[in-house]
Amino acid sequence: MLELLKEFIQRRVGTPAEPITLESKLEAIGVDSLMLLDLMFDLEDKYKVRMPDDIPRPETVGDLIAIFEKLKPTTAPNE
């Protein structure tokens, strides 16, 4: 999933994918609140999950991945 996030961020923000790690702060790599929503919608579509409305806002790439790891089915399509 980290590679998927790197591709998304590089496409949308233009940030080089190499320095993006699990510890990368989303704001520091150019992911604002609107872009975060886009990213979450893309991940919901890809993994066929529904993001709960009451989750805390992820601050790092790792936080976002952890949220989806908990939600996605054990066999995700095209992972």
Side-chain angles (χ1 to χ4, degrees):
M1 185 179 282
L2 181 58
E3 290 304 313
L4 177 71
L5 290 175
K6 284 182 181 182
E7 289 173 22
F8 174 90
I9 293 166
Q10 189 168 11
R11 248 189 349 265
R12 299 270 167 78
V13 181
T15 304
E18 295 76 39
I20 298 173
T21 66
L22 293 175
E23 294 80 28
S24 296
K25 298 278 188 192
L26 292 171
E27 280 188 27
I29 57 176
V31 178
D32 61 19
S33 56
L34 183 58
M35 194 173 304
L36 179 61
L37 285 174
D38 275 349
L39 178 56
M40 291 168 76
F41 289 141
D42 283 355
L43 291 172
E44 283 180 337
D45 288 346
K46 178 172 179 57
Y47 292 106
K48 309 292 186 237
V49 297
R50 173 76 171 98
M51 182 70 72
D53 293 330
D54 61 348
I55 61 159
R57 179 188 162 113
E59 292 188 25
T60 66
V61 171
D63 293 344
L64 185 57
I65 289 174
I67 291 167
F68 275 91
E69 289 296 324
K70 289 178 189 174
L71 296 174
K72 76 177 188 175
T74 51
T75 55
N78 302 323
E79 187 172 355

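Computed from a predicted structure; not experimentally measured.
Partners of Glu59 under the side chain to side chain contact (heavy atoms under 4.5 Å, CB included) rule, at least two apart in sequence or in another chain, are Lys25, Asp63. Checked against side chain to side chain contact (heavy atoms under 4.5 Å, CB included), Pro52 has the following partners two or more places apart in sequence or in another chain: Asp54, Ile55, Leu71. In this view, Glu23 satisfies the salt bridge (Lys or Arg N to Asp or Glu O under 4.0 Å) rule with no residue, not counting sequence neighbours. Partners of Ser24 under the side chain to side chain contact (heavy atoms under 4.5 Å, CB included) rule, at least two apart in sequence or in another chain, are Ile20, Thr21, Ile29, Val61.
Gln10 is not listed as a side-chain neighbour of Glu7, based on a closest heavy-atom distance of 4.5 Å or more. You'll find the side chain of Leu4 stays beyond 4.5 Å of the side chain of Phe68, heavy atoms only.
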Quick one: side chains of residues 33-44, donor-acceptor pairs under 3.5 Å with protein atoms, not counting sequence neighbours, listed by atom name and distance.
residue	atom	partner	partner atom	Å
Glu44	OE2	Met51	N	2.6

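Distance check: Arg57 CZ to Glu27 CD gives 5.5 Å after rounding to the nearest 0.5 Å.
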